[in-house]
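Numbers restart at 1 for each chain; the letters A, B, ... are given by sequence-line order, proteins then strands.
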2 protein chains.
Amino acid sequence: MTDVRPYTALIERLKLAGLRPTRQRLALAKLLFDTADDQTDRHVTAEQLHSEAMEAEVRVSLATVYNTLHQFTDAGLLREVVVDSGRSYFDTNIDDHHHFYFEDNGRLQDIPGAAVRLAELPEAPAGAAIKRVEVIIRVRED
Amino acid sequence: MTDVRPYTALIERLKLAGLRPTRQRLALAKLLFDTADDQTDRHVTAEQLHSEAMEAEVRVSLATVYNTLHQFTDAGLLREVVVDSGRSYFDTNIDDHHHFYFEDNGRLQDIPGAAVRLAELPEAPAGAAIKRVEVIIRVRED
DNA sequence: ATACTTGCAAATCGTTTGCAATACC
DNA sequence: GGTATTGCAAACGATTTGCAAGTAT
């Protein structure tokens, strides 16, 4: 089942985003977006992704992981989620959706977009435009 | 208009919270909760509060500001708001409410509780209980 | 050939900690 | 007096940066 030219689609995706398909960006994109496994939504920190890369025998520096995550975010391939001061999560699900945050262990979990509905939203403050509405449901294991 | 025994109420408040009314806690409480000025909602970072203390000629170390902010938060006098990775805000408004976050300049602004209404909420994941629902509306100055 | 990327190590930022000195009850 | 609190400076963890070396087009 090992694909002989496995990266074609990812290369295209990076090029479209205006990013050179370098070895490290490809490898990270594979780890992030290649859903050979089941889940479509991943929430990774830079450290986590770096560890995964190491396990996968991919040599990438932590600095490059940071750079890449931000480039992917700027390119709209990822979304940054802030729930914990001092730790940034990157979400591979860029659709409109919200999150459960497990404060005990720092895990994030997607809430399907339809499960949260806002009945009423304030208008943006004068001189400002709404960029995104984020709902974070903080939960505690019991 | 300078009160001769200005701290009585704050002292009581700290005692009720189980905190010794020390000089530095009182001074910080005054800066945070004394609404001689207009606004009832303040969103401060530790650094900001420390600066204010310096300007007010109150000698407090930054470490103590951090300690105090967390103690106040644990005691329910403050609420911590996380919108920016790497920076913690403390909100003097502990009522149920949500926030606008101005990404350009890092300013936070309360949204009155009634202006956001959630029509539908998911139930908590199995084995977990909802601790708080936070709505953050990220806005951009234009 | 050239501009973009990478890796490394050092630097930075916000925050926390250990511990001796000090203040509150 | 005994315990809680403070300040300092060092330690910390996550993230960023400068720059020389490597790589994609």
In sequence, state the C-alpha distance, the side-chain angles, and the governing distance for His98(A) and Asp110(A), and then conclude on side-chain hydrogen bond (donor to acceptor under 3.5 Å, both in side chains). CA-CA 6 Å; His98(A) 302 290; Asp110(A) 280 0; over 6 Å; no
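Donor-acceptor pairing under 3.5 Å is lacking for the side chains of His97(A) and Asp41(A).
Spacing between atom CD of Gln24(A) and atom C1' of dG7(C) amounts to 9 Å, rounded to whole angstrom units. Taking atom CG of Asp74(B) as the reference point, atom P of dT5(D) lies 12 Å away to the nearest angstrom. The CG-C1' distance, from Asp84(B) to dT15(C), rounds to 14 Å in whole Å. When the C1' atom of dC24(C) is taken as reference, atom NZ of Lys15(B) falls 11 Å away, rounded to whole Å. One interatomic measurement links the two molecules: CZ of Phe72(B) to C1' of dT5(D), which rounds to 13 Å at whole-angstrom precision. In this structure, Glu47(B) atom CD and dT12(C) atom P are separated by 15 Å, rounded to whole Å. Distance CG (Leu26(B)) to P (dT6(D)): 10 Å, rounded to an integer number of Å.
Under a cutoff of 6.0 Å and an axis angle of 45°, Arg107(B) and Tyr101(B) do not form a cation-pi pair. Because its NZ or CZ atom is not both nearer than 6.0 Å to the ring centre of Phe102(A) and within 45° of the ring axis, Arg140(A) does not count as a cation-pi partner of that residue.
Phosphate proximity of dT5(C) to Gln71(A): absent, as no side-chain N or O sits under 4.0 Å from OP1 or OP2. Between His70(B) and the phosphate of dT15(C), there is no side-chain N or O to OP1/OP2 separation shorter than 4.0 Å. Thr45(A) has no side-chain polar atom (N or O) that falls below the 4.0 Å cut-off from OP1 or OP2 of dA14(D).
Shown for residues 49-67 of chain A: residues whose heavy atoms fall under 4.0 angstrom of DNA chain C, namely Arg59(A), Val60(A), Ser61(A), Ala63(A), Thr64(A).
Taking the side chain of Arg20(A) as heavy atoms from C-beta on, and the options dC24(C), dA24(D), dT6(D), the nearest nucleotide is dA24(D).
The residue Ser88(B) sits close only to the backbone: its heavy atoms come under 4.0 Å of sugar-phosphate atoms, none of a base.
If you find the closest nucleotide of DNA chain C to Thr68(A) and to Phe90(B), the one lying nearer the 5' end belongs to Thr68(A). Mapping Arg23(B) and Arg87(B) onto DNA chain C via the closest heavy atom, the residue that lands nearer the 5' end is Arg87(B).
A salt bridge links Glu52(B) with Arg42(B); the closest basic N to acidic carboxylate O contact falls under 4.0 Å.
A side-chain contact (heavy atoms from CB on, under 4.5 Å) with Phe90(A) is found for exactly one of His70(A), His43(A), Gln48(A), Arg79(A), namely His70(A).
His50(B) places a side-chain N or O within 3.5 Å of a backbone atom of Val60(B) that can act as its donor or acceptor partner.
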